[in-house]
S.K.: 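To start, I am sharing the structure in question, which I have written as structure tokens.
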Amino acid sequence: GNFDNYRLMMDYGFGLVLNKADKVSIGWGLVDAVGNVSAPESYEAPFSKDNTDVTATKGKGVFESSDSATTNSWWTSDRLGLLLREAFLNESHQNALTSGKRILLDACFSGEYNSVLLKAAVVSTMKPSRVGKEAKNPESGKRGIIISKSHQQLIREYLIFYLTRKLEALLHGLNSGLKIHYSDIDLWTKASQGGIHYKGSKNDNCFGWQTFFDMYAYSSISIVEKRYYALGPDSCVLVLYDGYLRALDSSLDGLSDEEKFENGVLQELRDLGYVLAEDDNVPGEEEQEEEKVIEEKVKEE
């Protein structure tokens with residue numbers, strides 16, 4: 001069968017370079033997707049310099065938040081209930097999320113996206129007015145939720161943010177851990193400027209993961225039928241973490257342009273039963289119209 005490198009190393013004592021079966025567990029909690037907050041100052045959208053259609057969100061959007069009041073305000077009982085229903089989460093998941101813990105999801109080197117993560121992205125980026133209507137509509141669970149064009153872009157921006165933070169957290173951890181054995185190495189720990197493929201400059205002592213891996217991982221790697229197998233302990237560890245990083249990098253790459261987003265995330269959402277609209281004319285998203293009616297009534301009174 002196709003085993004990931006963790007399984008190969010635990011059971012057989014070797015690893016496979018560029019193993020498409022590799023995956024990495026990442027945590028997702030309510031605090032990771034809170035609306036009406038500003039992006040962290042350290043956040044830089046990884047594709048903003050290369051792709052003109054993806055830029056760092058201006059103003060407020062759906063990002064992480066450490067403020068419990070803001071998180072609770074966004075994650076109302078209706079929004080949480082909608083998430084539990086859509087993602088088929090049980091009571092133990094609910095208890096974990098409401099107590100501030102994270103549930104574990106997988107990011108895959110193959111490029112496939114975890115269905116719970118996609119559903120969480122749909123619900124967490126949904127307009128508050130829409131959440132209430134979907135949560136209270138008895139027919140809502142029997143048919144696919146309609147996702148407007150602008151909502152699709154919010155989902156994309158949120159997934160870019162979330163996966164960027166996970167990739168950078170892993171790179172930061174590796175940079176600290178590697179200094180024990182490679183004291184002269186500084187890893188590039190941002191998803192921007194190529195991320196794990198960061199090139200740097202001649203006078204730059206900062207290495208991208210790919211450059212570092214190519215320098216040190218092949219000391220005990222054997223070639224069998226054009227495939228590279230890690231045999232020594234150092235090479236096995238580097239190959240294991242390489243698979244984790246590539247799983248996150250591959251997931252981010254699927255969001256890097258409209259075509260990849262369409263063929264990846266949006267197609268998977270269709271397969272999950274969601275209906276993707278071609279515009280923003282979606283029933284239940286008349287928030288601005290409702291606000292105008294209220295204002296007019298106040299003026300009349």
Side-chain angles (χ1 to χ4, degrees), residues 4-6 9 14-20 22-28 31-32 38-51 54-57 63-64 66 102 106-109 111 159-222 228-256:
D4 62 27
N5 273 325
Y6 181 81
M9 291 178 193
F14 67 86
L16 174 63
V17 179
L18 299 179
N19 185 351
K20 283 290 186 179
D22 272 337
K23 57 189 177 182
V24 61
S25 293
I26 50 179
W28 185 89
V31 294
D32 293 315
S38 299
E41 289 185 7
S42 61
Y43 175 59
E44 180 182 353
F47 313 119
S48 58
K49 289 187 172 117
D50 302 319
N51 301 333
V54 180
T55 56
T57 302
F63 300 105
E64 62 192 32
S66 58
R102 290 179 168 87
D106 287 335
C108 302
F109 187 10
L159 288 173
I160 290 172
F161 166 76
Y162 171 75
L163 291 168
T164 292
R165 300 297 272 182
K166 294 302 177 182
L167 176 61
E168 292 179 350
L170 181 52
L171 285 169
H172 275 290
L174 279 172
N175 189 40
S176 298
L178 288 171
K179 288 189 182 300
I180 299 173
H181 302 286
Y182 307 94
S183 57
D184 58 335
I185 293 294
D186 277 318
L187 279 184
W188 176 254
T189 57
K190 300 290 287 182
S192 57
Q193 298 186 51
I196 65 173
H197 306 286
Y198 174 78
K199 296 296 185 183
S201 61
K202 292 182 180 179
N203 299 322
D204 191 355
N205 195 37
C206 190
F207 294 84
W209 169 262
Q210 183 66 66
T211 301
F212 167 78
F213 184 82
D214 290 344
M215 289 170 60
Y216 294 99
Y218 290 91
S219 59
S220 59
I221 283 180
S222 298
Y228 293 82
Y229 292 89
L231 302 176
D234 287 353
S235 293
C236 280
V237 170
L238 293 180
V239 166
L240 181 68
Y241 281 105
D242 183 62
Y244 293 163
L245 288 168
R246 289 184 186 280
L248 290 166
D249 183 65
S250 178
S251 299
L252 265 175
D253 183 64
L255 303 162
S256 61

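Values in this document were obtained by computation on a predicted structure and should not be read as measured data.
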S.K.: Looking only at heavy atoms, what is the nearest atom pair of Lys179 and Ile185, with distance?
M.R.: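 Of all heavy-atom pairs spanning Lys179 and Ile185, the closest is NZ-O, 2.9 Å.
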
S.K.: Using 0.5 Å steps for rounding, measure from the NZ atom of Lys20 to the OG atom of Ser250.
M.R.: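 Result: 5.5 Å between the selected atoms.
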
S.K.: To the nearest 0.5 Å, what is the distance between CG (Asp249) and OG1 (Thr164)?
M.R.: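 Between Asp249 CG and Thr164 OG1, I get 10.0 Å after rounding to 0.5 Å.
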
S.K.: What are the two closest non-hydrogen atoms of Cys236 and Met9, and how far apart are they?
M.R.: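 Closest approach of Cys236 to Met9: O-CE, 2.8 Å.
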
S.K.: Spell out, as yes or no, whether a donor-acceptor pair under 3.5 Å connects the side chain of Asn5 to the backbone of Leu16.
M.R.: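 Yes; at least one donor-acceptor contact below 3.5 Å.
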
S.K.: Just how far is it from atom CG of Leu248 to atom OH of Tyr162, taken to the nearest 0.5 Å?
M.R.: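 Answer rounded to 0.5 Å: 8.5 Å.
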
S.K.: Please tell me if the side chains of Val239 and Asn19 come closer than 4.5 Å, counting only heavy atoms from C-beta onward.
M.R.: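 No, every pair of side-chain atoms sits at 4.5 Å or beyond.
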
S.K.: Quick check for you: to the nearest 0.5 Å, what is the distance between Leu163 atom CG and Leu167 atom CG?
M.R.: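 So the CG of Leu163 and the CG of Leu167 are separated by 8.5 Å.
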
S.K.: Using modelled atom types only, decide if a donor and an acceptor are shared between the side chain of Ser235 and the backbone of Ala217 within a distance under 3.5 Å.
M.R.: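 Looks like yes, one N/O pair under 3.5 Å.
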
S.K.: side-chain contact (heavy atoms from CB on, under 4.5 Å) for Tyr244 and Asp22? Distances and angles first, verdict last.
M.R.: CA-CA 7 Å; Tyr244 293 163; Asp22 272 337; 5.9 Å; no

S.K.: Rounded to the nearest 0.5 Å, how far does CD of Glu64 lie from CZ of Arg165?
M.R.: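 One gets 4.0 Å once the value is rounded to the nearest 0.5 Å.
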
S.K.: Just do the side-chain contact (heavy atoms from CB on, under 4.5 Å) check on Leu170 and Ile26 with the steps written out, would you?
M.R.: CA-CA 10 Å; Leu170 181 52; Ile26 50 179; over 6 Å; no

S.K.: Give me the atom names and distance for the closest heavy-atom approach of Asp4 to Lys23.
M.R.: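 That would be OD2-CE, 3.4 Å.
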
S.K.: Apply side-chain contact (heavy atoms from CB on, under 4.5 Å) to the pair Phe212 and Asn175, showing each step before the final yes or no.
M.R.: CA-CA 11 Å; Phe212 167 78; Asn175 189 40; over 6 Å; no

S.K.: Between Leu231 and Ser222, what is the shortest heavy-atom contact and its length?
M.R.: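 Heavy-atom minimum between the residues: CD1-OG, 3.2 Å.
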
S.K.: Tyr182 versus Leu187: any side-chain heavy-atom pair under 4.5 Å?
M.R.: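 Side chain of Tyr182 against side chain of Leu187, heavy atoms only: no contact under 4.5 Å found.
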
S.K.: Let's go through Leu18 and Tyr228 carefully: what are the C-alpha distance in whole Å and the side-chain angles of both, what is the deciding distance for side-chain contact (heavy atoms from CB on, under 4.5 Å) to 0.1 Å, and is it a yes or a no?
M.R.: CA-CA 8 Å; Leu18 299 179; Tyr228 293 82; over 6 Å; no

S.K.: Distance from Gln193 atom CD to Lys199 atom NZ, nearest 0.5 Å?
M.R.: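 That separation rounds to 13.5 Å.
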
S.K.: So which heavy atom on Ser251 is nearest to which on Ala107, and how close?
M.R.: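 Shortest heavy-atom contact: OG-CB, 3.9 Å.
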
S.K.: Which atoms form the tightest heavy-atom contact between Gly27 and Asp32, and what is the distance?
M.R.: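 Gly27 and Asp32 have their closest heavy atoms at O-OD2, 3.9 Å.
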
S.K.: Is the Trp188 ring parallel, tilted or perpendicular to the Tyr198 ring (thresholds 30°, 60°)?
M.R.: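 The arrangement is parallel - the two ring planes meet at less than 30°.
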
S.K.: Find out whether Phe213 and Leu245 are in side-chain contact, i.e. whether some heavy atom of one side chain is under 4.5 Å from a heavy atom of the other.
M.R.: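 No, too far: nothing below the 4.5 Å cut-off.
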
S.K.: Kindly check if the number of other-residue, nucleotide or ligand heavy atoms within 6.0 Å of OH (Tyr216) is above 12?
M.R.: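 Correct, the count exceeds 12.
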
S.K.: Is there a side-chain contact between Leu238 and Trp209 (heavy atoms, below 4.5 Å)?
M.R.: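 A side-chain contact exists here, since the closest heavy-atom pair is under 4.5 Å.
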
S.K.: If only atom types and distance count, is the side chain of Ser256 paired as donor or acceptor with the main-chain N or O of Leu252 below 3.5 Å?
M.R.: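 Checking the backbone N and O of Leu252 against the side chain of Ser256, no donor-acceptor pair under 3.5 Å is found.
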
S.K.: Counting the benzene-type ring for Trp, do Phe63 and Phe161 have ring centres under 6.0 Å apart?
M.R.: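 Ring centres of Phe161 and Phe63 closer than 6.0 Å.
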
S.K.: Go through the structure and list residues passing salt bridge (charged side-chain N to carboxylate O under 4.0 Å, His left out) with Asp242, not counting sequence neighbours.
M.R.: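 For Asp242, the residues satisfying salt bridge (charged side-chain N to carboxylate O under 4.0 Å, His left out) (neighbours in sequence not counted) are Arg246.
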
